[in-house]
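Remarks on the structure that follows.
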There are 2 protein chains.
Amino acid sequence: MNPLMSSISDPAATLRFDSGQLIQEAGDAGSAWRVANGVVRFDAINPGGEPTYAGLAMEGDIVGADTLLFGRCSFRTTALTPCELVPWPGAAQAERDSLLNALMLGERRAARVVALRSGQAVERIRRLLGVFLPQATPAVFSTELPPLRDMAEITALTIETVSRTLSGLRRQGVIEPESERRGNGRKSCRIMTDLLGTT
Amino acid sequence: MNPLMSSISDPAATLRFDSGQLIQEAGDAGSAWRVANGVVRFDAINPGGEPTYAGLAMEGDIVGADTLLFGRCSFRTTALTPCELVPWPGAAQAERDSLLNALMLGERRAARVVALRSGQAVERIRRLLGVFLPQATPAVFSTELPPLRDMAEITALTIETVSRTLSGLRRQGVIEPESERRGNGRKSCRIMTDLLGTT
DNA sequence: CGAGCGATTGAACCAGGTCAAACGGGGTGG
DNA sequence: CCACCCCGTTTGACCTGGTTCAATCGCTCG
């Protein structure tokens, strides 16, 4: 977490979510949050009622801006990786700049999200792995990956292709499985940053 | 154009762009604008210097929010269809609400942009055609389509596939070419709204 | 133990990509 | 005025990366 972030956050007010956990349901009353770390997934609920992948939010992004205007949020929001959210806008900063900053980050995040559906399967997955890395990138980063189903929806590939691609990357040594596993059964893996290519 | 829009806009300050025209170059000093109508394309300039498609902005969206913070814009911005931009934030509205509204629209626009790379080729192109329609949708709408190259980059298809798909839709009567042509040689076409399917 | 769910792997198929050729219209120069 | 070129588009034929379908595995939980 970068210094700016931590200086703004009130540790007491931080919300923590495990991967896969629901953050806000579409239509719920709620409030706005800033993503302090981790990756969050949006789903639009289409007329039929089924959710469809609608984008990602990552470090610095705002989720639930619409609750501030309408009192209800329009997207289902779930944690893709373990993540922390802080109330927004924070008391510590000028509201105007906070808003502007959010707006700008939104543009960039959108660009990155689009890129996750560009190019061949391997490139997409490499880029997606890059999304899970924190801003200050260590040489090797250990994290828990979301279910293949999520990765498939985000990249517009199929589960099978994602699985095959990850196997390939494992063979190349770009990622390696961690021996220890979490209580809930999700496996974590190590990502070799330098082998990922430009994020 | 909806009533809210027009009440806010100062007609004198409106900027008009033709399709294909450059609005802002990445790195330029500039200012922020709201899209009053039309569709605008963002390109990120990657380290090599080549632009890559990074998203769209449409009616209500803000372009160049980052110039307000940094004085320079980070994306190349070009008009995809003829469009009009008005200075932002407009004097007529409370800045806070204007910002919040922009933030919210940004989320939604991002979701729509992602959807343009989802599903089969025909669905993608249908959705893309939907993007060119104004908010209040007439039964048949006549517009000038962007070059195939753009449509291909936006949908993550190839030019050839876009061409074939459009031919198919033409055969089905979803779109039909207009006889008259514009001065600059670009063809316009009629879109049969009811045959498009849900946008 | 068996049911259930996610992940993995194999094999066949196909939607879309790739390569190539041809068209059309606008602009330029002779 | 015509000849030529340039560039975007269209169409055809072939090829392939990724999807689809299906079988298996491993793990968790009742």
Side-chain angles (χ1 to χ4, degrees), chain A residues 18-21 41 53 78-81 116-129 143-172 174-189, chain B residues 18-21 41 53 78-81 116-129 143-172 174-189:
Chain A
D18 281 337
S19 29
Q21 207 178 339
R41 162 183 174 153
Y53 166 70
T78 45
L80 208 55
T81 67
L116 292 174
R117 288 166 168 241
S118 294
Q120 314 245 102
V122 210
E123 307 168 41
R124 297 188 196 188
I125 298 296
R126 293 184 106 107
R127 258 180 241 124
L128 180 56
L129 291 176
T143 186
E144 168 186 320
L145 295 180
L148 295 193
R149 182 179 154 68
D150 284 299
M151 302 182 74
E153 282 167 6
I154 293 168
T155 53
L157 298 168
T158 58
I159 295 178
E160 293 92 329
T161 304
V162 174
S163 174
R164 279 184 256 265
T165 308
L166 286 176
S167 302
L169 292 175
R170 230 172 274 130
R171 236 170 282 124
Q172 294 176 235
V174 178
I175 55 182
E176 32 180 74
E178 297 247 290
S179 41
E180 9 126 13
R181 32 204 82 222
R182 300 275 307 281
N184 56 4
R186 301 186 78 146
K187 280 176 286 189
S188 55
C189 79
Chain B
D18 281 337
S19 31
Q21 208 179 337
R41 165 184 171 150
Y53 167 69
T78 46
L80 208 54
T81 68
L116 292 173
R117 289 166 167 240
S118 293
Q120 313 246 101
V122 211
E123 306 169 39
R124 297 188 196 189
I125 297 296
R126 292 184 108 107
R127 257 179 242 126
L128 180 57
L129 291 175
T143 186
E144 169 185 318
L145 294 180
L148 296 192
R149 183 180 153 66
D150 284 299
M151 302 180 74
E153 284 168 5
I154 292 168
T155 53
L157 298 168
T158 58
I159 295 178
E160 293 92 330
T161 303
V162 174
S163 175
R164 278 184 256 265
T165 308
L166 286 177
S167 302
L169 292 176
R170 230 173 275 129
R171 236 169 282 126
Q172 295 175 236
V174 179
I175 56 181
E176 33 179 76
E178 298 246 289
S179 42
E180 9 125 15
R181 29 205 83 224
R182 300 274 308 282
N184 57 4
R186 301 185 77 147
K187 280 177 285 189
S188 55
C189 79

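Just so we're on the same page: letters track the sequence lines, and every chain starts at 1.
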Next item on the list: Could you check if a side-chain atom of A:Thr143 sits within less than 4.5 angstrom of a side-chain atom of A:Leu129, using non-hydrogen atoms only?
Entry: no
Checklist line | Comparing A:Gly119 and B:Arg171 on DNA chain D - which has the more 5′ nearest nucleotide | finding: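 Final value for this comparison: B:Arg171.
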Check: Given that A:Val162 and A:Gln120 both sit by DNA chain C, which one's nearest nucleotide is further toward the 5' end?
Finding: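 Result: A:Val162.
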Gap between atoms [atom1] and [atom2], on [X] and [N] respectively (whole Å):
X: B:Ile125; N: D:dT9; atom1: CD1; atom2: P; result: 12 Å
X: B:Ile159; N: D:dG8; atom1: CD1; atom2: C1'; result: 8 Å
X: B:Leu148; N: C:dG17; atom1: CG; atom2: C1'; result: 16 Å
X: B:Glu123; N: D:dT19; atom1: CD; atom2: P; result: 14 Å
X: B:Arg124; N: C:dA15; atom1: CZ; atom2: P; result: 14 Å
X: A:Glu153; N: C:dG6; atom1: CD; atom2: P; result: 12 Å
X: A:Leu169; N: C:dT8; atom1: CG; atom2: C1'; result: 15 Å
X: A:Glu144; N: C:dG6; atom1: CD; atom2: P; result: 15 Å

Check: Any sub-3.5 Å donor-acceptor pair from B:Arg117's side-chain atoms to B:Ile154's backbone N or O?
Finding: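 Side chain of B:Arg117 to backbone of B:Ile154: a pair is present.
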Next item on the list: Indicate yes or no for a side-chain donor-acceptor contact from A:Ser163 to the backbone of A:Ile159 under 3.5 Å, with no hydrogens or angles considered.
Entry: no
Using a cut-off of less than 4.0 Å, is there contact between a side-chain N or O of [X] and OP1 or OP2 of [N]?
X: B:Ser167; N: D:dT10; result: no
X: A:Thr158; N: D:dT19; result: yes
X: A:Thr161; N: D:dG18; result: no
X: B:Arg170; N: D:dT10; result: yes

Closest to the [X] side chain, choosing from [options]:
X: A:Ala121; options: D:dT9, C:dT9, D:dG18; value: D:dG18
X: B:Glu160; options: C:dC19, C:dT8, D:dT9; value: C:dC19
X: A:Arg164; options: D:dT10, D:dT20, C:dT8; value: D:dT20

Note to self: Checking A:Glu123 against A:Arg127 for the salt bridge (Lys or Arg N to Asp or Glu O under 4.0 Å) test, could you report, in this order, the C-alpha distance in whole Å, the side-chain angles of both residues, the deciding distance, and whether it holds?
What the structure shows: CA-CA 6 Å; A:Glu123 307 168 41; A:Arg127 258 180 241 124; 3.3 Å; yes
Margin query: For a quick check of understanding: with a heavy-atom distance under 4.0 Å over all strands, which category does A:Leu157 fall into, base, sugar-phosphate or nothing?
Written below: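 Counting heavy atoms under 4.0 Å across all strands, the contact made by A:Leu157 is with sugar-phosphate only.
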Check: Under 4.0 angstrom, heavy atoms only, what part of the nucleic acid is B:Ala156 near: base, sugar-phosphate, or nothing?
Finding: sugar-phosphate
Margin query: Under 4.0 Å between a side-chain nitrogen and a carboxylate oxygen: does that hold for A:Arg149 and A:Glu153?
Written below: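 Salt bridge between A:Arg149 and A:Glu153, a charged N being under 4.0 Å from a carboxylate O: yes.
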